[in-house]
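Numbering of ligands and ligand atoms starts at 1, following listing order. This one's a predicted model, so the numbers in the text were calculated from it and none came from an experiment. Counting from 1, the numbers follow the sequence of the chain as shown.
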Amino acid sequence: MPEAYRKTLIRQISQHAHSEVVGMLPEGNWITRAPSLRRKVALLAKIQDEAGHGLYLYSAAETLGISREELYNELLSGKAKYSSIFNYPTLTWADMGAVGWLVDGAAIMNQVALCKCSYGPYARAMVRVCKEESFHQRQGFELLLTLSKGTPEQHAMAQDAINRWWWPSMMMFGPNDSDSPHSAQSMRWKIKRYSNDTLRQKFVDMIAEQIKVLNMTLPDPDLRWNEERGHYDFGTIDWTEFNEVLKGNGPCNRERLAARRKAWEEGAWVREAAMAHAAKRQQSF
Ligand code: FAQ
């Protein structure tokens with residue numbers, strides 16, 4: 001395996017794994033405040049799925065000759081990246097719908113292509129991840145649909161969540177192709193099968209239709225169908241905001257890393273107990 005190919009895969013798969021793990025935090029914020037038992041069960045199951053996705057992805061990265069500990073240290077030290085989207089706060093219950101519909105929606109758009117990428121362990125992990133993510137997206141949409149048919153206050157709360165999550169979701173696909181340093185090589189290696197802009201456009205075309213069913217709007221005055229292109233046109237993304245979030249200056253960057261570090265420290269006894277149990281079992285064989 002060419003060294004540069006290996007390194008690129010470790011970079012992308014580990015960032016992806018970290019995103020799944022940090023991605024549990026914004027939704028974890030609402031478990032104790034879910035408005036019904038049905039909603040609480042669904043939210044718990046979704047968050048548990050994200051933990052599982054992190055585990056498949058760390059395992060896929062380990063096949064490339066890096067240890068889980070090294071990967072995790074890079075996250076906790078702040079060296080490794082994770083998706084920009086998880087540095088935004090979840091302010092109301094409607095955010096659970098917007099995260100499911102928009103964030104999982106953007107994640108699937110990117111990940112379906114990865115199911116056929118050139119590295120088997122990554123591609124195979126993605127097959128199951130995509131099945132679960134598509135379920136997540138539907139639960140988010142169903143949650144928003146319920147709010148959209150509720151009281152005027154509930155409708156307004158859902159619209160506000162969509163307004164806040166729309167542009168950060170668009171940024172999940174990464175910089176424009178002209179500013180994406182890794183895209184050309186990753187596409188030659190068939191790690192990436194579609195460019196950042198191609199996937200972003202597919203996402204806009206999908207969401208611009210689905211929002212009509214919700215009887216809501218996207219916060220983009222430039223959004224309109226372009227007959228000639230056969231796609232929706234959309235406004236300019238605020239790349240200054242994106243770059244600030246990547247530099248660690250998003251609304252929740254510090255809070256997210258502090259939460260992961262705390263979990264790591266407080267979980268030390270579990271790791272020690274698991275190691276002691278494994279050693280004891282080995283002795284008895
Ligand atoms: N956030 O040259 P490119 C989820 C970085 S999973 C942060 O275009 P590349 C599930 C990029 O790493 C969401 N950094 O890079 C869920 C690079 O930095 P580096 C995660 C970003 O790799 C839902 C630099 O910018 N999904 O949501 C971002 O070819 C709900 C230059 O960019 C994946 O990771 C960003 N948004 O393309 C969980 C999918 N965009 O490494 C819980 C796999 C770019 O040089 C709740 N990853 N950067 O320091 C990919 O497909 C690719 O890595 C891209 C970026 C498309 C993200």
Side-chain angles (χ1 to χ4, degrees), residues 7-30 43 45-57 60-61 74-75 78-88 90 95-115 117 119 122-123 125-126 129-130 132-137 139-140 165 167-200 203 237 239 241-248 250 253 256:
K7 283 209 166 120
T8 299
L9 278 169
I10 291 177
R11 181 184 62 78
Q12 179 166 327
I13 300 173
S14 64
Q15 285 176 5
H16 196 163
H18 300 325
S19 305
E20 301 281 357
V21 169
V22 177
M24 289 189 280
L25 297 169
E27 289 172 296
N29 182 29
W30 280 92
L43 186 60
K46 178 184 189 303
I47 295 169
Q48 187 175 304
D49 284 352
E50 308 300 358
H53 299 173
L55 293 183
Y56 316 150
L57 287 163
E74 286 186 358
L75 172 68
K79 188 176 160 220
K81 285 200 173 74
Y82 58 85
S83 184
S84 50
I85 193 77
F86 301 117
N87 293 305
Y88 291 84
T90 42
D95 287 31
M96 296 303 96
V99 169
W101 179 45
L102 297 175
V103 176
D104 285 270
I108 303 170
M109 196 51 89
N110 168 287
Q111 288 167 181
V112 164
L114 291 172
C115 293
C117 76
Y119 189 59
Y122 192 26
M126 278 301 119
V129 169
C130 283
E132 293 177 351
E133 298 286 31
S134 68
F135 191 74
H136 297 169
Q137 191 193 17
Q139 74 76 44
W165 287 91
W167 290 109
S169 301
M170 292 283 275
M171 294 173 194
M172 282 176 75
F173 295 92
N176 287 134
D177 295 349
S178 51
D179 298 319
S180 162
H182 302 300
S183 276
Q185 184 58 69
S186 287
M187 287 186 74
R188 271 198 294 276
W189 278 327
K190 294 195 171 25
I191 295 172
K192 280 170 108 163
R193 295 176 52 243
Y194 300 97
S195 77
N196 298 357
D197 286 333
T198 303
L199 291 172
R200 191 169 9 246
F203 176 68
I237 292 171
W239 293 114
E241 175 180 324
F242 175 75
N243 289 324
E244 280 304 310
V245 174
L246 258 58
K247 273 195 255 162
N253 293 59
R256 300 291 183 239

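- Of all the atoms in ligand 1, the ones that sit under 4.0 Å from a non-hydrogen atom of L246 are 1 (N), 7 (C), 14 (N), 25 (O).
- Heavy atoms of H136 stay at 4.0 angstrom or farther from ligand 1.
- Atom CD of Q185 sits in a crowded spot, with more than 12 heavy atoms from other residues, nucleotides or ligands closer than 6.0 Å.
- Between V22 and L75 there is a side-chain heavy-atom pair separated by less than 4.5 Å.
- Contact annotation for K81 and ligand 1: only side-chain heavy atoms (C-beta onward) come within less than 4.0 Å of the ligand.
- With a heavy-atom cut-off of 4.0 Å, Q12 touches ligand 1 through its side chain alone.
- Near G174, meaning under 4.0 Å from one of its heavy atoms, ligand 1 places the atoms 40 (N), 44 (C).
- Contacts between F173 and ligand 1 below 4.0 angstrom, taking non-hydrogen atoms only, involve the backbone exclusively.
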Take M170 and R200 through the test side-chain contact (heavy atoms from CB on, under 4.5 Å) and record every step on the way to the result. CA-CA 7 Å; M170 292 283 275; R200 191 169 9 246; 4.1 Å; yes
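- A 4.5 Å side-chain heavy-atom check between E27 and L43 finds at least one atom pair inside the cut-off.
- Where the criterion is an N or O separation shorter than 3.5 Å, residue side chain and backbone included, E20 fails it with respect to ligand 1.
- Distances below 4.0 Å separate heavy atoms of K192 from the following atoms of ligand 1: 8 (O), 9 (P), 29 (O), 37 (O).
- Only the backbone of Y82 comes within 4.0 Å of ligand 1, counting heavy atoms alone; no side-chain atom from C-beta on gets that close.
- Checking only distances, S180 does come within under 3.5 Å of ligand 1, N or O to N or O.
- Between the side chains of E74 and H18, no donor-acceptor pair is found at a separation under 3.5 Å.
- The ligand atoms of ligand 1 that sit less than 4.0 angstrom from a heavy atom of Q111 are 6 (S).
- The closest approach between any non-hydrogen atom of M24 and ligand 1 is not below 4.0 Å.
- The distance from ligand 1 to the heavy atoms of G23 drops below 4.0 Å at these ligand atoms: 42 (C), 46 (C).
- Inclusion of E50 in the set of residues having an N or O under 3.5 Å from an N or O of ligand 1 is not warranted.
- Residue K46 has no N or O atom closer than 3.5 Å to an N or O atom of ligand 1.
- The shortest side-chain heavy-atom distance between W167 and E241 does not fall under the 4.5 Å cut-off.
- At a distance under 4.0 Å, a protein heavy atom can be found next to atom 39 (C) of ligand 1.
- When only interatomic distances are considered, the shortest N/O to N/O separation between N196 and ligand 1 falls below 3.5 Å.
- Polar contact with ligand 1: absent for I85 (N/O pair, distance under 3.5 Å).
- A salt bridge is absent between D49 and K46: the closest approach of a Lys/Arg side-chain nitrogen to an acidic carboxylate oxygen does not fall below 4.0 angstrom.
- With ligand atoms numbered from 1 in the order given, ligand 1 contributes 46 (C) to contacts under 4.0 Å with heavy atoms of E27.
- Under the 4.5 Å side-chain criterion, counting only non-hydrogen atoms from C-beta, Y88 is not in contact with D95.
- Using a 4.0 Å cut-off to heavy atoms of M171, the atoms of ligand 1 that qualify are 36 (N).
- Using the six-membered ring where Trp is involved, F242 and W239 have ring planes that are perpendicular, over 60° apart on the 30 and 60° scheme.
- Geometrically, ligand 1 and R11 share a nitrogen or oxygen pair separated by less than 3.5 Å.
- Proximity of atom 33 (C) of ligand 1 to the protein is indicated by at least one non-hydrogen atom lying closer than 4.0 angstrom.
- With a 4.0 Å cut-off on non-hydrogen atoms, P181 touches ligand 1 through its backbone as well as its side chain.
- Using a 4.5 Å cut-off on side-chain heavy atoms (C-beta onward), L57 and Y122 make contact.
- Put simply, part of Y122 is less than 4.0 Å from ligand 1, judged by heavy atoms.
- Proximity to D104 (heavy-atom distance under 4.0 Å) selects the following atoms of ligand 1: 23 (C), 30 (C).
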